[in-house]
Amino acid sequence: MREFAVAVVGATGAVGRMMISVLEERNFPVKELRLFASPKSKGVKIPFKGEEIEVEVLEEAKSFSGIDIALFSAGASRSLEYAPRFAKDGAVVIDNSSAWRMDPEVPLVVPEVNSHAIAQYKNKGIIANPNCSTIQMVVALKPIHDVAKIKRIVVATYQSVSGAGQKAIDELMAQVKAWCAGEILPLPQALPKTIAFNCIPHIDVFLPNGYTKEEMKMIEETKKIMEDPELKVTATTVRVPVFYGHAEAVNIETEKKITSKEAIEILRQAPGVVVLDDPEHKVYPLQIEVAGRDEVFVGRIREDLSIEKGLNLWIVADNLRKGAATNAVQIAEVLIERYL
Ligand code: NAP
Ligand code: 3JM
């Protein structure tokens with residue numbers, strides 16, 4: 001089997017480290033692995049398949065030639081600047097940031113939903129990985145959309161701190177420790193307000209329309225991936241004091257009536273979805289139970305009693321895995337199987 005030279009840009013971060021683990025776990029055919037991060041990480045070594053690989057400083061690199069596939073998770077400004085440079089040197093970039101997602105020439109891909117779009121990698125040499133909250137929602141909703149045509153989605157998210165990077169994970173830990181020790185809590189730095197024992201309705205920056213950028217990402221990305229510009233989507237995104245895993249309370253209105261029983265049957269057959277729905281036995285998806293898994297978990301599936309054709313669902317996934325690293329590696333798997 002052919003093997004590929006792979007780069008991970010942002011290799012020392014929460015997503016980058018997960019990408020390295022997922023490449024190893026899934027036995028991706030890696031011939032050579034190159035790791036890039038900021039000057040702060042010069043000399044840091046990260047294990048991969050029994051070897052210690054030294055991190056290179058991105059801005060010191062002269063050329064990126066010889067790299068076949070580059071997985072980016074070093075922030076949107078690094079992606080804007082460096083993704084075209086990697087692509088020019090011959091790599092296909094799979095970018096985890098928001099930098100390229102809405103570029104009409106760049107495919108925005110969740111393999112279970114629109115793997116056919118990967119063919120458009122040829123336009124710019126870049127494939128975009130959606131936002132973590134978008135990914136898990138479309139994996140669960142696309143199979144229902146195909147059968148009943150969703151007209152409107154109303155979603156509220158319950159997003160873990162790992163979605164805001166390693167510093168936010170450390171911040172929740174430090175605040176909880178201080179709280180339990182009866183000490184004054186350290187001031188928030190990575191997140192906009194205190195996160196310990198609190199929920200913050202503010203993820204990414206506020207925009208002039210009153211929504212946050214995270215909310216607008218969910219709205220725009222969902223339409224692009226589902227290939228339905230008419231789809232109505234509205235979102236409230238909330239950071240909650242959970243380390244790993246995002247949950248979403250989702251309400252949909254459909255064109256065709258679909259019962260909760262039918263929805264459960266459709267979701268049981270859906271790729272990448274696990275239905276956990278037995279409320280009598282306290283079976284429903286929970287963040288601490290799905291962390292470490294690659295599927296999207298759906299429960300609390302019930303008809304919306306306030307409208308004729310509507311459903312409520314509770315959708316949970318590991319944001320660093322299916323929401324970021326696993327989805328990116330799955331895209332790479334389709335790419336090498338079909339095109340490289
Ligand atoms: P993180 O834990 O803060 O890690 C950031 C990574 O970027 C680190 O490896 C860091 O290197 C690197 N970096 C920062 N500045 C750099 C520079 N000037 N040059 C090279 N590398 C630089 O954040 P994270 O949670 O892993 O997220 C990283 C990015 O992935 C986010 O900014 C976002 O765009 C994307 N992301 C996407 C999703 C998704 O939904 N698909 C989810 C989360 C994040 P050092 O350690 O050396 O500073
Ligand atoms: C998730 O550089 C940045 O501002 C990155 C901010 C960020 C993003 C993003 O916009 O790329 C942090 C966490 C995301 C994302 O997946 O959209």
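In each ligand, atom 1 is the first atom listed, and ligand 1 is the first ligand listed. Heads up: numbering here begins at 1 and tracks the sequence. Keep in mind that the numbers below use all heavy atoms, side chains included, and drop hydrogens, waters and symmetry copies.
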What's the shortest distance from atom 47 (O) of ligand 1 to any protein heavy atom, and which residue and atom give it?
-> S41 OG, 2.5 Å

In this structure, atom 14 (C) of ligand 2 is nearest to the protein heavy atom K217 NZ, 3.7 Å

Ligand 2 contact on R101 by region, counting heavy-atom pairs under 4.0 Å | side chain

Counting each atom of ligand 2 from 1 as listed, which ones have a heavy atom of A76 under 4.0 Å away?
-> 2 (O), 3 (C), 5 (C)

Ligand 1 versus N96: contacting region, heavy-atom distance under 4.0 Å | both

Could you establish whether G163 and ligand 2 come within less than 4.0 Å of each other, counting only heavy atoms on the residue side?
-> yes

Got the closest protein heavy atom to atom 8 (C) of ligand 1, with its distance?
-> T12 OG1, 3.4 Å

Which of the numbered atoms in ligand 2 are below 4.0 angstrom from a heavy atom of S97?
-> 11 (O)

Side chain, backbone, both or neither: which part of A11 comes within less than 4.0 Å of ligand 1 when only heavy atoms are counted?
-> backbone

Between K257 and E303, is there a side-chain N and carboxylate O pair less than 4.0 Å apart?
-> yes

Look at atom 17 (C) of ligand 1 and say which protein heavy atom is nearest, naming residue and atom and giving the distance to 0.1 Å.
-> R78 CD, 3.5 Å

Applying a 4.0 Å heavy-atom criterion (strictly less than), which segment of P39 is in contact with ligand 1: side chain, backbone, both, or neither?
-> neither

Is the F72-F36 ring centre distance short of 6.0 angstrom?
-> no

Would one find an N or O of Q166, backbone or side chain, under 3.5 Å from an N or O of ligand 1?
-> yes

So, for Q175 and I195, which heavy atoms are closest and what is the spacing to 0.1 Å?
-> OE1-N, 3.0 Å

Among protein heavy atoms, which sits nearest to atom 9 (C) of ligand 2, and what does the distance come to when rounded to 0.1 Å?
-> S98 OG, 3.3 Å

among protein heavy atoms, the one nearest atom 40 (O) of ligand 1 is C132 N, 2.5 Å

Are N96 and ligand 2 in contact, using a heavy-atom cut-off of under 4.0 Å?
-> yes

So do the side chains of I264 and I266 get within less than 4.5 Å of each other, counting heavy atoms only?
-> no

When you look for heavy atoms under 4.0 Å from ligand 1, do you find them on the side chain of K167, its backbone, both, or neither?
-> neither

Using a strict 4.0 Å threshold on nitrogen-to-oxygen distance, state whether E255 and K151 make a salt bridge.
-> no

Would you mind listing which atoms of ligand 2 come within a distance below 4.0 Å of any non-hydrogen atom of N131?
-> 15 (C), 16 (O), 17 (O)

Distance-only N or O hit between ligand 1 and V15, under 3.5 Å = yes

Could you establish whether R78 and ligand 2 come within less than 4.0 Å of each other, counting only heavy atoms on the residue side?
-> no

